S.K.: 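Below you will find the structure I want to go over with you.
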Amino acid sequence: MVDGGHLFVRQMDMLGLHEMFTLHGSHLEPIYQACIDYGFSIYDTRHEQAAAHMADGWARHTGRVAICAVTAGPGISDAVTGVLNAFLDAVPMIVISGRSPAMDDERLPLQSMDQMALLKSVTKWQHSVRQVDRIPEMLAMAYRQATTGRPGPVYLELPIDVLFQRVDEEAVTFFEKPNVAPPQGDSAIVEAAWRALSKAKRPAILVGGGMFSSSGYQELREVAELLGAPVFSNVRGRGCMPDDHPLGGQAFATLARMRRLGEEGRPDVVLALGARMGMFLGGAGDLMVPADATLIQVDIEAEEIGRNKRVDYGIVGDCRAVLRQFLAQKKARQPDRSAWDEAVRQTRERAAHALDDRLAQEDGPIHQHRLMTDIVRTLPPDAIYVADGGETAEWFTAVATVREPGQLLSHGYLGCLGTGMPFALACKAASPERTVVCVLGDGSVGFNVAELHTAVKNKLPVIFVVNNDEGWGMSKHAQEILYGPGRLIATELGKVSYEKVAEGFGLQAELVEKPGEIVPALKRALKAKKAALLNVMTDPNNVHPATKAASGALGKPPEDGAPQKETALPYYGKRDLSRA
Ligand SMILES: Cc1ncc(C[n+]2csc(CCOP(=O)(O)OP(=O)(O)O)c2C)c(N)n1
Ligand SMILES: [Mg+2]
């Protein structure tokens, strides 16, 4: 006779799920006890939001699913932001929580609430288990729901009076890992799309999370090389094509910069692979995907095809499967694309080095570009990078060279500060032999600061670097741009000694105030046998160009006296609000 916890963990084992990110609650005790018996890796956090962010970060780095296990009531409500972050970026995760006894419903037991309703809007699928012997079946179902079609978080609720029940293990059915071939695209459309790509003068490939999830990186490279098509990506797609490959166009922003070259900087045929046409690709505007370009959109989720854009060839299918279909097509002679490829390469290089004159600086205050460049140059090239913060993430991702998928983790559609520490801890758990650096804004540090203790306690020696501009920089700078001087409110933080906070949690920590101190401090952190934190004081007056662009400061100023049609909105730039 075994309890529901044993059934759950045995089924985890059969699905190859060996990691759990958690914060203890006795509702789930049978599961913890069974984890001891099975020898599973349990990572215990100081806040359930961090446990959810860790499971999210695990999947973003490894491409594999992990379990986030939290207690009933406040455990699951604390986890919601972390689950939502994964949901908006289609990252798979299995969330489980305890629940008050189902047999006590409406009798006001402890931590009783409608958890299903709370999780419904942030998960793909959710189920409350009511029979102990169906726990394995429902976990296998949760796994399939999380990993097939468009991936995403799913939720299993386990009432305490179900989980603690004992059954004869022999009478319970367990489930093998499903073996499902990812769907191919319609062959006629694939053929027609390939002909359009072959004839293109300036083809561009856009990759997003769908490309990452399909793991068809070799196929992507072959198709890009065959076509001479540069590859641009969002954070989740970054590294699917190595940044230092001649066709590595890096971020989507490179494509926006290309527009300055006029016609010669505009792609004529665009192949989008698992890249949704949302705000990060210019939304309904045509800054990155020109309205007159031929658009081939590949997505595993049919409803994504046509969002914000007129699509010429819509292909519902798995990115790797469709790339293989492309590779099986006839190879026609291709037009010469060297001028286009060179234009992309030059744009990419110019952007990466635009501020390099700041690198020779000897006196403080430290420029953020100097800090980020020193980090990238000092750490090994295969270091895993995590960036969290407003301008901080922008400064860092602009200089990082990402050579493989899952090497860079940062913000997605939730734009959620506080993800960095848990993401970095999950990366270190998955890749203990590699250096993991986590760059944080001084604002971002605060959300999950207690996870510094998780790093020490779980022996996850991450290097944390705080870009300390003494404020909510992106917010503060937008306030200054939009409202002028003397109008700062709720955006200043002042000087906080994060190195002392870190020391208290047991980290090796240092304050860095001069440019020349950055590299030696990083080298000491690399040698540390435990987690380390550098609190680096940077110049609060440096405004990142992304903040200027997002606040409409880079657009054309209105002519004197002319009625102003557009209003500048933080993050969204200048918009005509009469159409709202
Ligand atoms: C959870 C959350 N709360 C608030 C915001 C709004 N926000 C966006 S950027 C930003 C400032 C970030 O400050 P910091 O982390 O110090 O980075 P910096 O911009 O100073 O480099 C804020 C508050 C957010 N994106 N996420
Ligand atoms: Mg800041």
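Because the structure is a prediction, the values reported are computed rather than measured. Every number for a ligand or one of its atoms is a count from 1 in the order of the listing. Only heavy atoms go into these numbers, but all of them, side chains included; no hydrogens, no water, no symmetry mates.
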S.K.: Among side-chain atoms of E391 and T547, is any donor-acceptor pair under 3.5 angstrom?
M.R.: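 Checked: E391/T547 side chains pair up, N/O donor to acceptor below 3.5 Å.
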S.K.: What about G415: any of its N or O atoms under 3.5 Å from an N or O on ligand 1?
M.R.: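 G415 vs ligand 1: N/O contact under 3.5 Å present.
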S.K.: Give me the residue, atom name and distance of the protein heavy atom closest to atom 15 (O) of ligand 1.
M.R.: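 It is S444 N, 2.9 Å.
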S.K.: Starting from atom 21 (O) of ligand 1, what is the nearest protein heavy atom, named by residue and atom, and what distance separates them?
M.R.: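 Nearest protein contact, heavy atoms only, for atom 21 (O) of ligand 1 is T392 OG1, 2.6 Å.
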S.K.: Heavy atoms only, cut-off 4.0 Å: how does D469 contact ligand 1, side chain, backbone, both, or neither?
M.R.: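 D469 to ligand 1: side-chain contact only, backbone stays beyond 4.0 Å.
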S.K.: Any atoms of ligand 1 less than 4.0 Å from a non-hydrogen atom of Y571? List them with their elements.
M.R.: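 In order of number, 6 (C), 7 (N), 8 (C).
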S.K.: Would one find an N, O or S atom of D469, in either backbone or side chain, under 2.8 Å from the Mg ion (ligand 2)?
M.R.: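 Yes.
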S.K.: Looking only at N/O atoms, are G471 and ligand 1 under 3.5 Å apart anywhere?
M.R.: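 So ligand 1 has an N or O lying under 3.5 Å from an N or O of G471.
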S.K.: Starting from atom 16 (O) of ligand 1, find the nearest protein heavy-atom neighbour and note its residue, name and distance.
M.R.: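 Among all protein heavy atoms, the one nearest atom 16 (O) of ligand 1 is G443 N, 2.8 Å.
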S.K.: Applying the salt bridge (Lys or Arg N to Asp or Glu O under 4.0 Å) test to D243, which of R345, R238, R403 qualifies?
M.R.: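 So the option named by the test is R238.
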S.K.: I'd like to check which ligand 1 atoms, numbered from 1 as shown, lie under 4.0 Å from a non-hydrogen atom of E391.
M.R.: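 Checking each atom against E391, I get 18 (P), 19 (O), 21 (O).
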S.K.: How far is atom 20 (O) of ligand 1 from the closest protein heavy atom, and which atom is that?
M.R.: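 Protein heavy atom with the smallest distance to atom 20 (O) of ligand 1: G473 N, 2.7 Å.
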S.K.: Below 4.0 angstrom from a heavy atom of D442, which ligand 1 atoms are there? Numbered from 1 as shown, please.
M.R.: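 The list of qualifying atoms is 16 (O).
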S.K.: Under 3.5 Å, is there a donor on one side chain and an acceptor on the other for H61 and S431?
M.R.: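 Yes.
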S.K.: Near the Mg ion (ligand 2), is there an N/O/S atom from G473 that is less than 2.8 Å away?
M.R.: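 So G473 does not bind the Mg ion (ligand 2) by this criterion.
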S.K.: Is the centre of the W395 ring less than 6.0 Å from the centre of the H369 ring?
M.R.: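 W395 vs H369: aromatic centres not under 6.0 Å.
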S.K.: Check whether the ring centres of F464 and Y498 lie less than 6.0 Å apart, and answer yes or no.
M.R.: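 When the ring centroids of F464 and Y498 are compared, they turn out to be at least 6.0 Å apart.
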S.K.: Could you tell me, atom by atom, which parts of ligand 1 come under 4.0 Å of a heavy atom of G441?
M.R.: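 Matching atoms, with element in brackets: 14 (P), 15 (O), 16 (O), 17 (O).
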S.K.: Taking it one step at a time, do E404 and R434 satisfy salt bridge (Lys or Arg N to Asp or Glu O under 4.0 Å)?
M.R.: CA-CA 13 Å; E404 58 180 274; R434 289 171 69 178; 3.3 Å; yes
S.K.: Tell me which protein heavy atom sits closest to atom 10 (C) of ligand 1, plus the residue, atom name and distance to 0.1 Å.
M.R.: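 Ranking protein heavy atoms by distance from atom 10 (C) of ligand 1, first comes S475 OG, 3.4 Å.
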S.K.: Do we see a donor-acceptor contact under 3.5 Å between the side chains of N542 and Q368?
M.R.: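 Checked: N542/Q368 side chains pair up, N/O donor to acceptor below 3.5 Å.
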S.K.: Which residue and atom name correspond to the protein heavy atom nearest atom 17 (O) of ligand 1, and how close is it?
M.R.: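 Closest protein heavy atom to atom 17 (O) of ligand 1: G390 N, 3.2 Å.
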S.K.: Tell me whether E566 is salt-bridged to R575, with the criterion being a basic N under 4.0 Å from an acidic carboxylate O.
M.R.: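 So E566 does not pair with R575 through a salt bridge.
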S.K.: Whether E304 and R307 form a salt bridge (side-chain N of Lys/Arg under 4.0 Å from carboxylate O of Asp/Glu) is what I want to check.
M.R.: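 Looking at E304 together with R307, the answer is yes, because their closest N to O distance falls below 4.0 Å.
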S.K.: Of the backbone and side-chain N, O or S atoms of D442, does one lie nearer to the Mg ion (ligand 2) than 2.8 Å?
M.R.: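 Under 2.8 Å: D442 contacts the Mg ion (ligand 2) through an N, O or S atom.
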S.K.: Between E470 and K495, does any side-chain N to carboxylate O distance fall below 4.0 Å?
M.R.: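 No, no charged N to carboxylate O under 4.0 Å.
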S.K.: Looking at atom 4 (C) of ligand 1, what's its closest protein heavy atom, distance included?
M.R.: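 Nearest neighbour among protein heavy atoms for atom 4 (C) of ligand 1, to 0.1 Å: L417 CD1, 4.1 Å.
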S.K.: Side chain, backbone, both or neither: which applies to F447 and ligand 1 if a contact is any heavy-atom pair less than 4.0 Å apart?
M.R.: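 It is the side chain that gets close, since no backbone atom is under 4.0 Å.
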S.K.: Does this structure show an ion pair linking R150 with E301, if we count only N-O contacts that are shorter than 4.0 Å?
M.R.: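 Yes, R150 and E301 are salt-bridged.
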S.K.: May I ask you to say whether K523 pairs ionically with E510, meaning some side-chain N is under 4.0 Å from a carboxylate O?
M.R.: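 Between E510 and K523 there is no salt bridge, as every charged N stays at least 4.0 Å from the carboxylate O atoms.
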S.K.: What is the nearest protein non-hydrogen atom to atom 23 (C) of ligand 1, stated with its residue, atom name and distance?
M.R.: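 Going by distance alone, atom 23 (C) of ligand 1 is nearest to W472 CE3, 3.3 Å.
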